[in-house]
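To keep things clear, I will list the structure first and then write my remarks on it.
A quick note: this is a predicted structure, and the numbers were derived from the prediction, not measured. We're numbering straight along the sequence, starting at 1.
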Amino acid sequence: IMLRSTLALSLLLIAVSSNLAMAIKKEKRAPQTLSRGWGDEITWVQTYEEGLYQAKKSNKPLMVIHHLEDCQYCQALKKAFAENEEIQEMAQNNFVMLNLMHETTDKNLSPDGQYVPRIMFVDPSLTVRADITGRYSNRLYTYEPQDIPFLIENMKKALRLIQTEL
């Protein structure tokens, strides 16, 4: 009887510990919710206000991505954005990053309308950079997956402006 209960207990312990190990592994791999698929290695701020505060404090530009979950253009851009190593690396190291699925109260973030996807830059002096635009004259701050090289250039431009202007 002693042997059987020891065996049963051992099996129970093995079952519990393997479940625990799987739970821990899952926990570690779960993408952080703030990234919403734009890049899990990036540290994302939660609100526009927090983004402004961090930009000023760290002297880094704030990059604001407006998007919606059910927008196919947003999904396509998100995929290209998340897969591009250069963007991910710059976003991780040189920018304060925010992605929003709702509009902010700051009208400066929608100078030509509230469309998605829309990417805007705010410099550490808290000025919304209306001069950093995409390729489309009808939606100045939109980017499509094939515009990733253009977005990279604009990210570099945002970084250069800080060095030259501020």
Side-chain angles (χ1 to χ4, degrees), residues 27-166:
E27 186 62 39
K28 222 167 98 188
R29 257 195 336 222
Q32 50 150 325
T33 50
L34 288 179
S35 90
R36 298 187 183 94
W38 290 88
D40 290 339
E41 303 302 311
I42 298 168
T43 304
W44 297 91
V45 294
Q46 207 160 352
T47 62
Y48 183 54
E49 293 66 32
E50 186 191 348
L52 294 174
Y53 173 78
Q54 291 296 343
K56 199 176 181 85
K57 197 175 93 168
S58 65
N59 201 38
K60 291 178 179 178
L62 167 64
M63 185 169 170
V64 183
I65 305 170
H66 284 93
H67 64 105
L68 291 169
E69 210 49 67
D70 57 2
C71 155
Q72 65 184 25
Y73 304 103
C74 300
Q75 293 298 344
L77 181 62
K78 179 194 296 192
K79 187 177 185 315
F81 187 98
E83 287 172 359
N84 186 288
E85 283 178 30
E86 190 174 2
I87 284 186
Q88 291 292 309
E89 200 266 334
M90 273 197 290
Q92 267 173 47
N93 300 316
N94 309 107
F95 286 85
V96 175
M97 296 296 295
L98 172 66
N99 72 75
L100 287 176
M101 298 203 304
H102 58 84
E103 285 297 330
T104 62
T105 50
D106 187 344
K107 295 288 169 262
N108 296 314
L109 282 181
S110 51
D112 65 340
Q114 299 188 338
Y115 52 85
V116 290
R118 190 167 85 247
I119 299 179
M120 298 195 70
F121 297 92
V122 184
D123 70 31
S125 77
L126 308 188
T127 304
V128 175
R129 299 308 305 224
D131 54 346
I132 305 180
T133 56
R135 295 192 314 143
Y136 308 98
S137 55
N138 60 335
R139 293 186 163 196
L140 291 175
Y141 307 98
T142 203
Y143 296 85
E144 293 186 347
Q146 65 269 25
D147 303 329
I148 287 292
F150 204 82
L151 178 58
I152 291 171
E153 281 315 302
N154 277 346
M155 289 173 81
K156 290 177 178 169
K157 184 176 174 184
L159 293 171
R160 275 196 310 274
L161 284 173
I162 290 177
Q163 283 149 9
T164 55
E165 288 185 14
L166 305 174

With a 4.5 Å cut-off on side-chain heavy atoms, are Tyr53 and Val96 touching? no
Could you work out, with salt bridge (Lys or Arg N to Asp or Glu O under 4.0 Å) as the rule, every residue matching Glu49, not counting sequence neighbours? none
Quick check: are there more than 12 heavy atoms from other residues, nucleotides or ligands sitting under 6.0 Å from CD of Gln46? no
Are side-chain heavy atoms of Pro117 and Ile65 found at a separation under 4.5 Å? no
Measure the shortest side-chain to side-chain distance between Leu109 and Val122 over non-hydrogen atoms and say whether it is less than 4.5 angstrom. yes
Could you list the residues that satisfy salt bridge (Lys or Arg N to Asp or Glu O under 4.0 Å) with Lys157, not counting sequence neighbours? none
Side chain to side chain contact (heavy atoms under 4.5 Å, CB included) for Tyr73 and Val116? Distances and angles first, verdict last. CA-CA 8 Å; Tyr73 304 103; Val116 290; over 6 Å; no
Side-chain heavy atoms of Asn99 within contact of Met97, under 4.5 Å: no
Leu68 to Met101 - nearest heavy-atom pair and separation: CD2-O, 3.5 Å
Under the side-chain contact (heavy atoms from CB on, under 4.5 Å) test, residues paired with Ala80 that sit two or more places apart: Pro145, Ile148
Minimum heavy-atom separation for Val128 to Met120, with atom names? CG1-CE, 3.5 Å
Can you name the residues that form a salt bridge (Lys or Arg N to Asp or Glu O under 4.0 Å) with Arg139, not counting sequence neighbours? none
Does any non-hydrogen side-chain atom of Thr104 lie less than 4.5 Å from one of His66? yes
Considering all heavy atoms of both residues, which atom of Ile42 and which atom of Ala91 are nearest to each other, and what is their separation? CD1-CB, 3.5 Å
Once you round to the nearest 0.5 Å, how far does OG1 of Thr47 lie from NE2 of His102? 8.0 Å
Side chain proximity check, Phe121 to Leu62, heavy atoms < 4.5 angstrom: no
In sequence, state the C-alpha distance, the side-chain angles, and the governing distance for Trp44 and Trp38, and then conclude on side chain to side chain contact (heavy atoms under 4.5 Å, CB included). CA-CA 10 Å; Trp44 297 91; Trp38 290 88; 3.4 Å; yes
Sequence neighbours excluded, every pair satisfying salt bridge (Lys or Arg N to Asp or Glu O under 4.0 Å) that has a member inside residues 58-80: Glu69-Lys78, Lys79-Glu83
Closest heavy-atom pair, Leu140 versus Tyr115, reported as atoms and distance to 0.1 Å, is N-OH, 3.1 Å
Nearest 0.5 Å, please: how far is CD in Gln92 from CG in Asp40? 10.5 Å
Using side-chain heavy atoms (C-beta onward) and a distance below 4.5 Å, is Ile119 in contact with Leu77? yes
Please report the interatomic distance CD1(Ile152) to CG(Asp147), rounded to the nearest 0.5 Å. 11.0 Å
Identify the heavy atoms of Phe95 and Ala158 that sit nearest to each other, and give their distance. CE2-CB, 4.1 Å
Using modelled atom types and a 3.5 Å cut-off, is there a donor and acceptor pairing between side-chain atoms of Ser58 and backbone atoms of Gln54? yes
Output the distance between atom CG (Asn154) and atom CZ (Arg160), rounded to the nearest 0.5 Å. 9.0 Å
Just how far is it from atom CD of Glu144 to atom CZ of Phe150, taken to the nearest 0.5 Å? 12.5 Å
Excluding sequence neighbours, so at least two apart, what forms salt bridge (Lys or Arg N to Asp or Glu O under 4.0 Å) with Glu103? Arg118
Would you say the side chain of Asn84 lies within less than 4.5 Å of the side chain of Leu151, judging by non-hydrogen atoms? no
Separation between CE (Met63) and CG (Leu98), nearest 0.5 Å, reads 10.5 Å
